[in-house]
Amino acid sequence: MARHFLRLTDLTPAEARRVVDRARALRAEPDLAHRPFVGKTLAMIFTKNSTRTRVSFEAGMARFGGHALFLHSGATQLGRDEPIGDTAQVLSRMCDAIMIRNDSQADQQALADNSRVPVINGLSDLHHPCQLLADLQCWFEHRGDPAGRTAAWIGDGNNVCHSWIDAARMFGFKLRIATPAGYEPDADIVREAGASVELMPDAAQAAEGADLVVTDTWTSMGQEAETKKRLADFAGYCVDSALMRRAKADAIFMHCLPAHRGEEVSADVIDGPQSVIYDEAENRLWAQMALLEFLLC
Ligand code: CP
Ligand code: NVA
């Protein structure tokens, strides 16, 4: 049975730590002679835009001697309503792993249920687990083990937030989440995380004494029609220098990107000394190489 990675909790905490450790090693000492994926192909299905996810998977497969196949869903028969189960059956007879970025976690599950090879979530409406492997790697690299520390999520209780919630319980840190009313994260995901997670409406309270402050766009892909309302509803949730001053003096700032300067984060914070966003983005490469190695080797 293939192992899939549709949610961070599809790995045990020990496995996730192993993948993050391996990602750190790959980054610290890149070994171009290590080519475990010669002759192997990753199919990458996208129904949504991407810069980092596409490039990091494609570059990662190339570094490991393999090949990545970019499939824009609209240019495949998925765009003409071929069942996702049939797509999975066929792709998994030709390829060694499948990555999918789409809306629906349920469709990803259907893909996995019909696939002989590992299926990886490259973002759904509910989760973005690959992002968290990279983010955790980044936190370890900049400040050491997150266990016992506190992170503050400011803004929308969205897909990336859900994966941060999973990370908190798996890596033993506290996650304070500040959202406007009506934008809280999924109640079941929060419940599963137990005492690791605390919800509150006040951004300053969430940031108080935090080791890490993280945010994301207020309007995720697919929500563009709500942009105007969201801009109004999220007023007061911008991560600016006043909010960062509430956190620890050595707190780091993270954002999965793409960012909107002047909305969820001010330019002086995201482009300032506490920001680790480009290391975080780079780690998508190393973390997914480590993940692919874990799932395929
Ligand atoms: N953070 C992230 O997933 O970026 P892309 O949308 O560019 O892939
Ligand atoms: N929450 C964002 C993340 C983009 C990487 C979105 O879903 O659009």
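Here the structure is a predicted model, which means the values were calculated and not measured. Counting begins at 1 with the first residue of the sequence. Side chains included, hydrogens not; waters and symmetry mates left out as well; all remaining heavy atoms used. Every number for a ligand or one of its atoms is a count from 1 in the order of the listing.
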Item to check | Under 3.5 Å side-chain donor-acceptor pair for Q108 and S124 | outcome: no
Checklist entry - Between N49 and ligand 1, is there a nitrogen or oxygen pair with a distance under 3.5 Å? => result no
Item to check | Within 45° cone and under 6.0 Å: R54 NZ/CZ vs F70 ring | outcome: yes
Next on the checklist: Just to confirm my output: which protein heavy-atom neighbour is closest to atom 8 (O) of ligand 2, and how far is it?
Outcome noted: M221 N, 2.8 Å
Next on the checklist: Between S266 and D268, do the side chains contain a donor N or O and an acceptor N or O under 3.5 Å apart?
Outcome noted: yes
Checklist entry - What part of L123, side chain from CB on, backbone N/CA/C/O, both or neither, has a heavy atom under 4.0 Å from ligand 1? => result neither
Checklist entry - Which ligand 1 atoms, with their elements, are less than 4.0 angstrom from a heavy-atom of T51? => result 5 (P), 7 (O), 8 (O)
Next on the checklist: Quick check on contacts: which atoms of ligand 1 are under 4.0 angstrom from a heavy atom of L257?
Outcome noted: 1 (N), 2 (C), 4 (O)
Checklist entry - Which atom pair, heavy atoms only, marks the closest approach of A247 to A210? => result CB-O, 3.5 Å
Checklist entry - Tell me: protein heavy atom nearest atom 6 (O) of ligand 1, and distance? => result R101 NH1, 2.8 Å
Next on the checklist: Please list the nearest protein heavy atom to atom 7 (O) of ligand 2 with its residue and the distance rounded to 0.1 Å.
Outcome noted: N159 ND2, 2.9 Å
Checklist entry - Between T53 and S50, is there a donor-acceptor pair closer than 3.5 Å when you use the side chain of the first and the backbone of the second? => result no
Item to check | Close approach of H128 to ligand 1, heavy atoms, under 4.0 angstrom | outcome: yes
Item to check | Nitrogen or oxygen of R101 less than 3.5 angstrom from that of ligand 2 | outcome: no
Next on the checklist: Using a plain distance cutoff, I'd like to know if R54 has any nitrogen or oxygen under 3.5 Å from a nitrogen or oxygen of ligand 1.
Outcome noted: no
Checklist entry - Which of the atoms in ligand 2, numbered in the order shown and given with their element, are less than 4.0 Å from a heavy-atom of L257? => result 5 (C)
Checklist entry - Do ligand 1 and C256 have nitrogen or oxygen atoms that lie under 3.5 Å from each other? => result yes
Checklist entry - Hey, which atoms in ligand 1 end up nearer than 4.0 Å to a heavy atom of R284? => result 1 (N), 2 (C), 3 (O)
Checklist outcome for this item: L123 heavy atoms within 4.0 Å reach ligand 2 at atoms 3 (C), 4 (C), 5 (C), 7 (O)
Item to check | atom 4 (O) of ligand 1: the protein heavy-atom neighbour that sits closest, reported with distance to 0.1 Å | outcome: R52 NE, 2.8 Å
Item to check | Distance-only side-chain donor-acceptor flag, E141 / N283, under 3.5 Å | outcome: yes
Checklist entry - Could an N or O of ligand 2 be found under 3.5 Å from any N or O of D216, whether backbone or side chain? => result yes
Item to check | Salt bridge R63-E58, side-chain N to carboxylate O under 4.0 Å | outcome: no
Item to check | Sidechain-backbone polar pair: D96 side chain, T41 backbone, donor-acceptor under 3.5 Å | outcome: yes
Checklist entry - Is L111 reachable from M44 through a run of hydrophobic residues whose side-chain heavy atoms are each under 4.5 Å from the next? => result no
Checklist entry - Does S92 use its side chain to pair, donor to acceptor, with the backbone of S115 at less than 3.5 Å? => result no
